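To start, the structure under review is shown below, and the notes come after it.
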Number of protein chains: 2
Amino acid sequence: MQLRMTNQREIILRELNTSQRHLAADELYDRVKKVMPRISLATVYRNLEILSEAGMIGKLEISGRQKRFDYDPSEHDHIYCVVCHRVDNLEMAHKGLTAEEFGAVVGYSVTGYRLEIIGVCPECQTKNENKESKK
Amino acid sequence: MQLRMTNQREIILRELNTSQRHLAADELYDRVKKVMPRISLATVYRNLEILSEAGMIGKLEISGRQKRFDYDPSEHDHIYCVVCHRVDNLEMAHKGLTAEEFGAVVGYSVTGYRLEIIGVCPECQTKNENKESKK
DNA sequence: TTACATTTAGTATAAATTCTCATAAGGGAA
DNA sequence: TTCCCTTATGAGAATTTATACTAAATGTAA
């Protein structure tokens, strides 16, 4: 299963990479449009799916939110800001976690796990402090 | 902020409790309608939000899926079946996890974490075996 | 070329959830 | 009680995110 690198595919991949951010499809669409104005949102969705399928990017299904895509497909955990919804990469936070053992207790066969640390990012902390001090 | 226990609120809470399952809003709506046929779906959504806000139920935002609500509001992790999307409770799987420390590295202030173990539930394993042997 | 498969743009549709708003219900205070 | 006020409800519209569909465009291979 060779992956054909179409023009739009290439630009989508490049824009995600250069962003160095965890973008949602519509955010990436906005960026890609600047380079290729006639691209369709559906194309962005389609190719993000294909690229993550091919292991070239990561797909981030943060709880209860829009999907985001990760320029870095390697295995790692994430931290999520509840204020601005930004996501950052994290060194694996689960050292010593034995997901398989936990699954076995309830009869599941375990294929993976998903761990998000939840908090407030540095920027939003600063903004909030400013707001507080204005009162 | 006292929580007024309206009739619909009470029935929603009771039906979730007696289900002993992690229901999505529309599933719970179906159950509640049998007791109170004229209830509105919006009322179910509204009150699930209010009840989880009040800490009387848990809100489960499983990645990339419909929200589910947990009759058990106490702190615990979850395991999720990729085949039937069912969710089960799990004893805390993160013993020794220091979410705060991980957050600190990237400057976040950490308020929590979310851990889902992902796998295939016993029922879906059995179904799959049957399907395999039929071939 | 011709012939076939894949991809795309643009639009329609779907699913889950939230919003709006008129009406109804419930709880004091007189 | 009766009146008033706040809050909740039902019904449907609107929103958000994502996928499906279709005809046109493009690529590929003989």
Side-chain angles (χ1 to χ4, degrees), chain A residues 1-16 22-54 56-70 80 82 84-87, chain B residues 1-16 22-54 56-70 80 82 84-87:
Chain A
M1 55 151 257
Q2 265 275 57
L3 180 60
R4 195 152 105 194
M5 258 304 157
T6 66
N7 229 294
Q8 13 286 88
R9 209 107 88 195
E10 190 139 2
I11 290 172
I12 288 167
L13 184 59
R14 176 157 49 78
E15 287 301 312
L16 182 60
H22 299 74
L23 299 176
D26 63 319
E27 295 169 335
L28 188 52
Y29 173 57
D30 288 342
R31 287 178 185 239
V32 170
K33 259 197 306 194
K34 293 189 179 141
V35 184
M36 181 180 263
R38 307 217 43 194
I39 199 169
S40 153
L41 178 58
T43 300
V44 175
Y45 271 105
R46 202 182 321 108
N47 283 314
L48 283 172
E49 206 55 46
I50 289 167
L51 288 167
S52 83
E53 203 74 8
M56 302 179 71
I57 61 175
K59 177 162 62 168
L60 271 177
E61 314 200 8
I62 292 295
S63 310
R65 300 239 111 241
Q66 230 177 334
K67 280 185 196 130
R68 288 179 177 276
F69 295 86
D70 192 339
Y80 163 68
V82 289
C84 67
H85 308 137
R86 140 181 180 182
V87 175
Chain B
M1 54 152 262
Q2 264 277 58
L3 180 59
R4 196 151 106 193
M5 256 306 156
T6 67
N7 230 292
Q8 13 284 84
R9 209 106 87 194
E10 192 141 1
I11 291 173
I12 288 167
L13 185 58
R14 175 156 48 77
E15 287 302 310
L16 182 61
H22 299 75
L23 299 176
D26 63 320
E27 295 169 336
L28 188 52
Y29 174 57
D30 288 341
R31 289 179 183 238
V32 169
K33 258 198 304 195
K34 292 189 182 140
V35 184
M36 182 180 262
R38 309 219 40 197
I39 197 169
S40 153
L41 178 59
T43 301
V44 174
Y45 271 104
R46 208 181 311 114
N47 283 314
L48 283 172
E49 206 54 47
I50 289 167
L51 289 167
S52 84
E53 203 74 8
M56 301 179 72
I57 62 176
K59 178 162 59 166
L60 271 177
E61 314 200 8
I62 293 294
S63 311
R65 300 240 110 238
Q66 226 178 341
K67 281 185 195 132
R68 290 181 175 274
F69 294 86
D70 191 341
Y80 162 68
V82 288
C84 68
H85 307 135
R86 140 181 178 182
V87 175

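No experiment lies behind these values; they were computed from the predicted model shown. We name chains A, B, ... by the order of the sequence lines, and we start the count at 1 in each one.
- Note: CD (A:E49) to C1' (C:dT8) measures 17 Å, nearest angstrom.
- Here the side chain of B:T6 is nearest to one of D:dA11, D:dT9, C:dT7, namely D:dT9.
- In this entry the distance linking CD of B:Q66 with P of D:dT17 reads 17 Å, nearest Å.
- Of the candidates C:dT8, C:dT17, C:dG10, C:dG10 carries the atom nearest the A:R38 side chain, counting heavy atoms from C-beta on.
- Note that the CG atom of A:L48 and the CZ atom of A:F69 stand 4.5 Å from one another [nearest 0.5 Å].
- In this structure, the separation between NE2 on B:H85 and NE2 on B:H22 is 15.5 Å, given to the nearest 0.5 Å.
- Within the 4.5 Å cutoff, side-chain heavy atoms of A:D26 are placed close to those of A:Q66.
- When heavy atoms are screened at a 4.0 angstrom cut-off, B:N47 is found touching the sugar-phosphate backbone but no base atom.
- Judged by atom type and distance alone, B:R46 reaches the base of D:dG10 through a side-chain donor-acceptor pair under 3.5 Å.
- Taking side-chain N and O atoms only, A:Q8 has a distance below 4.0 Å to OP1 or OP2 of C:dA9.
- One can place OH of A:Y29 at 14 Å from C1' of D:dA18, the figure rounded to the nearest angstrom.
- Between B:K59 and C:dT17 there is no side-chain N or O to OP1 or OP2 distance below 4.0 Å.
- Using a cutoff of 4.0 Å between basic side-chain nitrogens and carboxylate oxygens, B:K34 and B:E15 are not scored as salt-bridged.
- In this structure, B:Y45 does not reach the C:dT18 phosphate: none of its side-chain N or O atoms is under 4.0 Å from OP1 or OP2.
- Atom-to-atom, CZ of A:R4 to P of C:dC4 comes out at 17 Å; the value is rounded to the nearest Å.
- Nucleic acid contact for A:A42: base, since at least one base atom lies under 4.0 Å from a heavy atom of the residue.
- Just one residue in the list B:R65, B:R68, B:R86 forms a side-chain contact (heavy atoms from CB on, under 4.5 Å) with B:Y80, and that residue is B:R65.
- Look at CD1 on A:I12: it is 12 Å from C1' on C:dA9, rounded to the nearest Å.
- Rounding to whole angstrom units, CZ of residue B:R65 and P of C:dA16 are separated by 8 Å.
- With rounding to whole Å, B:L23 atom CG is found 14 Å from C:dA16 atom P.
- Remark: P of C:dT8 and CG of A:N7 are 9 Å apart, rounded to the nearest angstrom.
- Note on A:L41: nothing from the nucleic acid sits closer than 4.0 angstrom, heavy atoms only.
- Both A:I50 and A:S40 lie close to DNA chain C; mapped to their nearest nucleotides by heavy-atom distance, the more 5′-ward contact belongs to A:I50.
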